[in-house]
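These figures come from a predicted structure and were not determined experimentally. Chain A is the first sequence line, chain B the second, and so forth, proteins listed ahead of strands; every chain is numbered from 1.
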There are 2 protein chains.
Amino acid sequence: MSLELTPVQAVACCSPLTREPVSEEVAEQVSVMLKALGDPVRLRLMSLVASHQGGEACVCDLNDAFELSQPTISHHLKVLHEAGLLEREKRGVWAYYRARTEVLANLAAVIGGSER
Amino acid sequence: MSLELTPVQAVACCSPLTREPVSEEVAEQVSVMLKALGDPVRLRLMSLVASHQGGEACVCDLNDAFELSQPTISHHLKVLHEAGLLEREKRGVWAYYRARTEVLANLAAVIGGSER
DNA sequence: TGTAAATATTGATGCGTGTCTATGTCTCTG
DNA sequence: CAGAGACATAGACACGCATCAATATTTACA
């Protein structure tokens with residue numbers, strides 16, 4: 001375990017924005033997640049995956065939903081993955097991404113939560 | 001009223017990410033808000049204002065919390081204001097920013113909500 | 001009226017990032 | 001083993017953006 005916080009850890013441990021000022025370190029990590037969602041294409045990708053059957057979707061389906069090149073979609077999925085918002089699993093030739101709904105819930109709690 | 005959605009309207013009317021795919025238009029507007037929060041300095045600013053006495057804070061106090069120039073802080077506050085996350089009120093020489101907690105709550109519901 | 005203080009605006013600069021084409025890697029199948 | 005298909009990576013480019021110094025604007029007060 002490192003002293004460096006990951007976005008997933010940061011979002012799981014801190015109080016809501018509105019309760020007390022977030023530390024510099026937490027802000028740094030949480031903003032990684034928000035920045036990842038702060039792009040229209042990535043937000044739609046996240047929503048497509050999260051709302052899909054079983055909370056997961058195949059890249060092949062995602063590519064067709066946009067008029068963007070395949071590498072661009074791949075890039076955006078990587079950003080979401082590295083932010084801790086998507087899990088990735090390769091099955092055969094296909095890659096499946098799964099939404100980490102508990103992370104989304106934690107993020108939501110930090111943004112708008114009143115509890116904790 | 002315009003046909004164009006504002007970020008505040010978009011975040012108030014749509015279902016959670018995980019329920020159904022967000023439309024292109026909603027994604028465009030919601031991502032404005034997320035992008036605004038997707039910067040460490042702005043996230044801390046938002047938290048400072050929201051967690052402050054009465055949900056509002058004076059710019060003079062905010063400037064002191066960062067080792068950044070006054071115009072830079074002013075710029076970030078403007079971004080948060082234009083995203084619909086902060087309200088602004090001038091009283092005398094001082095400017096006060098107030099967190100729109102209901103907007104934050106709506107945003108949180110879109111991100112991690114399961115209801116609606 | 002004139003000066004000082006608080007905040008916003010402007011313009012410049014360097015770095016970050018969204019997008020593309022080209023190419024690599026891996027897996028299945030004939 | 002060879003070819004095809006799915007996805008990722010690399011490199012390039014144009015645009016966006018965080019930051020600053022300088023300046024404008026507004027308000028209070030002497």
Side-chain angles (χ1 to χ4, degrees), chain A residues 7 22 24 27-49 52 56-83 85-99, chain B residues 7 22 24 27-49 52 56-83 85-99:
Chain A
V22 294
E24 209 167 332
E28 199 74 41
Q29 296 307 313
V30 173
S31 69
V32 168
M33 221 170 258
L34 290 165
K35 192 178 299 181
L37 292 175
D39 176 277
V41 173
R42 285 197 291 267
L43 192 59
R44 288 178 62 200
L45 276 171
M46 190 70 206
S47 183
L48 279 170
V49 172
H52 199 266
E56 76 171 15
C58 175
V59 174
C60 51
D61 298 326
L62 299 174
N63 279 325
D64 298 343
F66 299 85
E67 294 193 344
L68 290 169
S69 70
Q70 173 264 320
T72 296
I73 300 298
S74 187
H75 161 70
H76 284 309
L77 289 170
K78 185 180 184 180
V79 172
L80 289 167
H81 174 62
E82 288 178 344
L85 292 163
L86 288 182
E87 272 177 351
R88 185 178 150 196
E89 187 188 354
K90 193 142 192 197
R91 295 204 290 269
V93 185
W94 295 279
Y96 291 82
Y97 282 88
R98 175 180 297 273
Chain B
V22 294
E24 208 167 332
E28 200 74 41
Q29 296 306 314
V30 174
S31 68
V32 168
M33 222 172 256
L34 289 164
K35 193 178 297 182
L37 292 175
D39 176 278
V41 173
R42 285 197 292 266
L43 192 60
R44 289 178 61 200
L45 276 171
M46 190 71 204
S47 183
L48 279 170
V49 172
H52 199 266
E56 77 171 16
C58 175
V59 173
C60 53
D61 298 327
L62 300 174
N63 279 325
D64 298 343
F66 299 85
E67 294 192 345
L68 291 169
S69 71
Q70 174 265 320
T72 296
I73 299 298
S74 187
H75 161 70
H76 285 309
L77 289 170
K78 185 180 184 180
V79 172
L80 289 167
H81 174 62
E82 288 177 344
L85 292 164
L86 288 182
E87 271 176 351
R88 184 177 149 197
E89 187 187 354
K90 194 140 189 197
R91 295 206 288 271
V93 186
W94 295 277
Y96 292 81
Y97 283 88
R98 176 180 298 273

Measure the distance from [atom1] on [X] to [atom2] on [N] and round it to the nearest whole Å.
X	N	atom1	atom2	value
A/E82	D/dA8	CD	C1'	12 Å
A/L77	C/dT19	CG	C1'	15 Å
A/K78	C/dG18	NZ	P	13 Å
A/R44	C/dG18	CZ	C1'	15 Å
A/I73	C/dC20	CD1	C1'	13 Å
A/H81	D/dA8	NE2	C1'	12 Å
B/K35	C/dG16	NZ	P	17 Å

Between [atom1] of [X] and [atom2] of [Y], what distance do you get to the nearest 0.5 Å?
X	Y	atom1	atom2	answer
A/E56	A/R98	CD	CZ	4.5 Å
B/E24	B/E28	CD	CD	7.5 Å
A/D61	A/Y96	CG	OH	8.0 Å
A/H76	A/L62	NE2	CG	12.0 Å
A/L80	A/M33	CG	CE	10.5 Å

Any side-chain N or O of [X] under 4.0 Å from OP1/OP2 of [N]?
X	N	answer
A/H76	C/dT19	yes
B/R88	C/dT7	no
A/H75	D/dT9	no
A/Y96	D/dA6	no

- Message: What residues from residues 58-65 of chain B pass a heavy-atom cutoff of under 4.0 Å to DNA chain C?
- Response: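 Contacting residues: B/C58, B/V59, B/C60.
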- Query: What string of B, S and - do you get for nucleotides 21-30 of chain D, 5' to 3', when a contact is any protein heavy atom under 4.0 Å?
  - Reply: BB----SS--
- Compare every heavy atom of B/L85 with every heavy atom of B/M46, then report the nearest pair and how far apart it is.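 Closest approach of B/M46 to B/L85: CE-O, 3.2 Å.
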- Task: Please report the closest heavy-atom contact between B/A65 and B/R44, naming both atoms and the distance.
- Result: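 Result for this residue pair: O-NH2, 3.6 Å.
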- By nearest nucleotide on DNA chain C, pick out whichever of B/Y97 and A/E67 is the more 5' one.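 Mapping each residue to its closest nucleotide by heavy atoms, the 5'-most match is B/Y97.
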- Item | A/L68 side chain, from C-beta outward: closest of C/dT17, C/dG18, C/dC20 |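 Between C/dT17, C/dG18, C/dC20, the one nearest the side chain of A/L68 would be C/dC20.
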- Sub-4.5 Å side-chain heavy-atom contact between B/V30 and B/V22: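 Not touching, per the 4.5 Å side-chain cut-off.
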- Query: Are any non-hydrogen side-chain atoms of A/R91 and A/E89 less than 4.5 angstrom apart?
  - Reply: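 With C-beta onward as the side chain, the pair touches.
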